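Atoms considered below: every heavy atom in the structure, side chains included; atoms not considered: hydrogens, waters and symmetry mates. Values in this document were obtained by computation on a predicted structure and should not be read as measured data.
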Amino acid sequence: QVQLVESGGALVQAGGSLRLSCAASGRTFNPYGMGWFRQAPGKEREFVAAIRWSGVNTYYADSVKGRFTISRDNAKNTVILQMNSLKPEDTAVYYCAAAPYSGSYYYQLSSQRSYVYWGQGTQVNVSS
């Protein structure tokens, strides 16, 4: 079992930045692919970014590419989502998730079905 706890959500003005953290505990963290997803009011949850267990490969949704950066520190069991140039359409609850059995290709780590463990979410609000 893996427990994931997100933090860092806040209210920020458009153009601003936020840094979301995901702290993992429980079973070993290192072999897992990790991802961030988000869900805006009235919309389905969508893929944001993912990182392979080694940290070498990262993947992003087109809507955040060039603005968001995902990284991980396996020694600290932490995944970070650095969000820059935020837009009002980035407003959502952001979820961290762990994929212990998934492969490392984009189509695998961008799919919610690959993720077994989920955090409770952290709210990000971007004002115009």
Side-chain angles (χ1 to χ4, degrees):
Q1 191 75 7
V2 173
Q3 292 78 42
L4 303 172
V5 179
E6 303 97 333
S7 61
L11 171 64
V12 64
Q13 287 189 332
S17 298
L18 280 177
R19 185 174 183 265
L20 304 184
S21 296
C22 174
S25 61
R27 294 185 62 182
T28 180
F29 172 76
N30 287 357
Y32 297 174
M34 297 294 296
W36 286 94
F37 292 79
R38 67 186 182 186
Q39 186 167 22
K43 295 187 177 181
E44 294 185 353
R45 189 162 57 187
E46 64 176 5
F47 169 73
V48 175
I51 187 167
R52 193 176 174 182
W53 70 270
S54 65
V56 172
N57 299 95
T58 56
Y59 307 110
Y60 299 93
D62 288 342
S63 59
V64 307
K65 202 170 293 184
R67 300 188 296 122
F68 290 11
T69 302
I70 187 172
S71 61
R72 67 190 295 166
D73 185 339
N74 289 339
K76 297 181 179 179
N77 289 349
T78 301
V79 177
I80 301 296
L81 184 67
Q82 178 66 43
M83 305 187 296
N84 299 327
S85 302
L86 283 162
K87 305 175 181 180
E89 51 264 44
D90 294 319
T91 294
V93 177
Y94 283 71
Y95 298 92
C96 173
Y101 312 116
S102 173
S104 300
Y105 293 104
Y106 172 84
Y107 78 94
Q108 295 165 314
L109 289 179
S110 62
S111 172
Q112 296 184 50
R113 290 176 293 180
S114 295
Y115 292 85
V116 175
Y117 305 107
W118 293 82
Q120 82 291 347
T122 185
Q123 179 70 50
V124 171
N125 290 302
V126 183
S127 63
S128 57

Looking only at heavy atoms, which two atoms of [X] and [Y] are closest? And how far apart?
{"X": "V93", "Y": "G121", "answer": "CG1-CA, 3.8 Å"}
{"X": "A49", "Y": "Y60", "answer": "CB-CD2, 3.6 Å"}
{"X": "W36", "Y": "C22", "answer": "CZ2-CB, 3.7 Å"}
{"X": "S85", "Y": "S17", "answer": "N-OG, 4.3 Å"}
{"X": "A92", "Y": "R38", "answer": "CB-CB, 3.8 Å"}
{"X": "S102", "Y": "Q108", "answer": "OG-CB, 3.5 Å"}

Distance in Å, L81 CG paired with M34 CE, rounded so as to fall on 0.5 Å steps: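 Between atom CG of L81 and atom CE of M34 there are 11.5 Å.
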Euclidean distance, S54 OG relative to R72 CZ, rounded to 0.5 Å: 8.0 Å
Ring-ring centroid check Y106 F47, cutoff 6.0 Å: yes
Worked verdict on R45 versus W118 for side chain to side chain contact (heavy atoms under 4.5 Å, CB included): CA-CA 12 Å; R45 189 162 57 187; W118 293 82; 3.6 Å; yes
Distance-only side-chain donor-acceptor flag, N125 / T91, under 3.5 Å: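 Per modelled atom types, N125 and T91 side chains form no pair under 3.5 Å.
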Aromatic ring pairing Y94/F68, orientation class (parallel under 30°, perpendicular over 60°, tilted between):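 Geometry flag for F68 against Y94: tilted rings.
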Mutual orientation of the aromatic rings belonging to Y32 and Y117 [parallel < 30°, tilted 30-60°, perpendicular > 60°]: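 Rings of Y32 and Y117: parallel, as their planes differ by under 30°.
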Derivation of the side chain to side chain contact (heavy atoms under 4.5 Å, CB included) call for N57 and L109: CA-CA 11 Å; N57 299 95; L109 289 179; over 6 Å; no
Electrostatic pair K87-D90, nearest N-O below 4.0 angstrom: no
